[in-house]
Amino acid sequence: MQQEIRNIAIIAHVDHGKTTLTDALMKQCGTGEEGYTMDSNALEQERGITIYAKNTSVEYKGVKINILDTPGHADFGSEVERVLRSIDSVLLLVDAQEGPMPQTRFVLKKSLELGLKPIVVINKIDKPAADAKRVHDEVFELFLELGANDEQLDFTTVYAIGRQGVAMKEEGDDRVNLDPLLDTILEKVPKATGDMNNKFRAQVFNLAYDNFLGRMATARIYDGKVKTGQTITVLKPTGESRTGKITKMFAFRGVQRVEVNEAVAGDIVMIAGFADIYIGETFAEDATVEPVKAINIDEPTIALYFLVNDSPFAGREGKFVTTRQIRDRLEKELEVNVGMRVNFDGDRYEVFGRGEMHISVLLETMRREGFELQVSQPKVIIHTLDDGSKEEPYEEVVIDVPTEHSGIVMEKLGKRKGMITDMQEKDGITRVKAEIPTRGLLGYRGEFIVDTKGLGILSSRFTKFGPYAGKIDRRDVGSMTSMENGKALGFSLWNLQDRGVLYIGPATEVYEGMIIGNTSKGEEMIVNPTKGKQLTNMRASGSDEAITLVPPYEITIERGLEIMNDDEYLEITPKSVRLRKQLLTESERAKANKKKED
């Protein structure tokens, strides 16, 4: 007799507790170990966010529940879009204090469009400022706003504290374990069905790589059954087909892969044996089977160039430094990163992504793998319409900020062409909602943290392509550029730190054209950070003050992408991140400026 199966995804805004709840479900059902977390990638653990969608499964009352943990950050929305096609219901997690946020709207909209009926989980009800009743009403309003049908509006609500591993059907119930949530899943989520008598049909929604088995596809089986060793057909959404043989097949037990010889309709499995399989393709018994509808992904909003590192320090730290190696790595990334596109024309590659974090995670992964490269300033993708008018991407921004800092935030949003759509104040916290061009938001997050002294929360999501907003003044500081090669000296930096913010400390190696800081007055400054103190054998009172250096503002990949100018490159190596001018010498830059003026 076939085991009953339920397939669900956990969706929410970033940091509303998806992974913590998934870990707690696994622990209660005996498939998770103490200290284990679904966020297994090193970058995910460092940043405390989910970047890649991942599978797990638990067994409860004899029923197998396949769970897909998804990212909550808007830049990784493509990870959510493709997994929603493979499941039958979603758990929509909402923070009991923050309520629905921009990414809550995005993931819920995608779920409702696919006809899924969500189960709402109001999480973190133990927060001091939690207000579950208000959040429930806000979620209901959001369902109405997004055009939910009557069946979807009749959603079930469960209250939870993921960190403690407890759930309640009513807020005042005893806090024992997660059984109320698991019972709700069995009761409300439809059984994973499919016609066993039909021909085998499954769709690939994720890819993995194994050192021994090569490329592996994670797929949801919609109809029929399949066995290891069987020859099957791969159907592309375009109608082309090819055949291949299944070498191994795995089901999920917890996060562990368990080898199986047969899989049936409704289950989620990993299939090996197809080196050229892609996300969205259909596995089928033969070419007569109708392929599953293609997975549609929202288009990218920003673009930048990836180039070979040609700075004076090129090749010192990286293992992979050539155009060919960078191209191979980007081609490999395209296989699994469906939200990204690359134009491979010429000797520099134009990479299109969903946001600064989407790109910075790829760059950080590449540098850890030993790549050395440089990238240009991110630019938004602007569409030119048939009538000659321009359209650019807009984002919805939600900001929670202490009321005393709200003035500076609104002033900065106004300068960046942001339109305030709503503003509310409660318990000393002001919530500002605004619509702003993506161009205006690029480079603002770092400023926002400084303006709000680290107490503000800024969330955004892409909403639409709208009318071009005109010129936006993003930056009011200039660059402090080195005119010499050598080691920066403390004495020289001490004299320069009054002119702006330094990005380097003493004894840092510099080269001509490298940017060592910014200037607060906005002018471009050519400086010599290698200049030492002129020593004489004369003593004079007051000339030997102690040098006190302000700690440098260290450049990370994300900070670099935010603060760089359009005439600069961000140089990324396994051990260093540097800003530099595209033209290293002052004479080259002067010639280029003159040509531009002519």
Side-chain angles (χ1 to χ4, degrees), residues 6 8-29 32 37-38 50 56 58 60-61 63 65 67-70 72 87-105 107-108 111-112 116-146 148 151-190 400 426-427 429 431 457 459:
R6 304 282 195 279
I8 60 165
I10 300 187
I11 59 173
H13 185 76
V14 65
D15 206 28
H16 278 198
K18 297 177 296 301
T19 303
T20 306
L21 185 67
T22 309
D23 294 342
L25 285 167
M26 286 164 55
K27 191 176 169 189
Q28 179 169 324
C29 296
T37 174
M38 287 286 284
T50 303
T56 185
V58 298
Y60 180 70
K61 295 184 177 176
V63 178
I65 304 172
I67 303 171
L68 289 155
D69 182 27
T70 63
I87 44 93
D88 303 307
S89 182
V90 292
L91 298 186
L92 177 71
L93 249 72
V94 186
D95 186 297
Q97 179 181 333
E98 292 183 0
M101 294 289 275
Q103 189 66 359
T104 314
R105 175 187 287 269
V107 292
L108 179 60
S111 307
L112 296 176
L116 300 172
K117 186 179 176 185
I119 296 168
V120 174
V121 179
I122 297 178
N123 194 27
K124 305 188 182 184
I125 62 166
D126 57 330
K127 276 187 167 183
D131 187 346
K133 187 178 183 306
R134 170 183 61 81
V135 169
H136 182 276
D137 293 344
E138 287 176 358
V139 171
F140 185 77
E141 285 168 19
L142 184 60
F143 270 72
L144 278 173
E145 207 178 308
L146 295 174
E151 195 185 351
Q152 289 169 328
L153 281 170
D154 186 24
F155 58 80
T156 305
T157 305
V158 178
Y159 303 89
I161 307 171
R163 197 171 51 175
Q164 294 176 17
V166 296
M168 299 76 70
K169 289 194 174 179
E170 298 294 336
E171 202 180 345
D173 291 355
D174 292 340
R175 301 176 177 184
V176 183
N177 55 24
L178 289 167
D179 282 359
L181 176 58
L182 288 161
D183 287 334
T184 304
I185 290 170
L186 296 195
E187 185 188 331
K188 300 292 181 183
V189 178
D400 288 327
K426 188 184 177 189
D427 301 330
I429 300 290
R431 173 167 283 194
I457 298 169
S459 307

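All values derive from a computational prediction rather than experimental measurement.
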Which atom pair, heavy atoms only, marks the closest approach of [X] to [Y]?
X	Y	value
Ala96	Ile122	CB-CG2, 3.7 Å
Asn123	Gly162	OD1-N, 3.0 Å
Ala24	Gly165	CB-CA, 4.1 Å
Leu153	Leu144	CD1-CD2, 3.8 Å
Asp88	Val189	CB-CG1, 4.5 Å
Lys426	Arg134	NZ-NE, 3.9 Å

* Step-by-step side chain to side chain contact (heavy atoms under 4.5 Å, CB included) determination, Leu182 to Cys29 -> CA-CA 10 Å; Leu182 288 161; Cys29 296; 3.9 Å; yes
* To do: Evaluate the criterion side chain to side chain contact (heavy atoms under 4.5 Å, CB included) for residue pair Val90 and Ile8; output intermediate values, then yes/no.
  => CA-CA 5 Å; Val90 292; Ile8 60 165; over 6 Å; no
For the atom pair [atom1] ([X]) and [atom2] ([Y]), what is the distance rounded to the nearest 0.5 Å?
X	Y	atom1	atom2	result
Leu93	Thr104	CG	OG1	9.5 Å
Leu112	Leu92	CG	CG	9.0 Å
Thr22	Ile10	OG1	CD1	3.5 Å
Glu98	Ile429	CD	CD1	10.5 Å
Gln28	Asp179	CD	CG	5.0 Å
Leu146	Glu141	CG	CD	12.0 Å

* **Sidechain-backbone polar pair: Arg6 side chain, Leu186 backbone, donor-acceptor under 3.5 Å** =>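 A pair under 3.5 Å: yes.
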Before accepting this row, confirm whether a basic side-chain N of the pair [X]/[Y] lies closer than 4.0 Å to the acidic partner's carboxylate O.
X	Y	answer
Lys133	Glu171	no
Asp400	Arg431	yes
Asp126	Arg163	yes

* For the pair Arg105 and Glu145, evaluate side chain to side chain contact (heavy atoms under 4.5 Å, CB included) and give the outcome as yes or no after the intermediate values. => CA-CA 10 Å; Arg105 175 187 287 269; Glu145 207 178 308; 2.7 Å; yes
Can you give the donor-acceptor pairs under 3.5 Å from side chains of residues 154-161 to other protein atoms, not counting sequence neighbours?
{"from": "Thr157", "atom 1": "OG1", "to": "His136", "atom 2": "NE2", "distance (Å)": "3.3"}

* Asked: side chain to side chain contact (heavy atoms under 4.5 Å, CB included) between Ile67 and Leu91: does it pass, once the steps are laid out?
  -> CA-CA 10 Å; Ile67 303 171; Leu91 298 186; over 6 Å; no
* Per the side-chain hydrogen bond (donor to acceptor under 3.5 Å, both in side chains) rule, which among Lys188, Lys169, Lys61 passes with Asp183? ->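 Of all the options given, the one that passes is Lys61.
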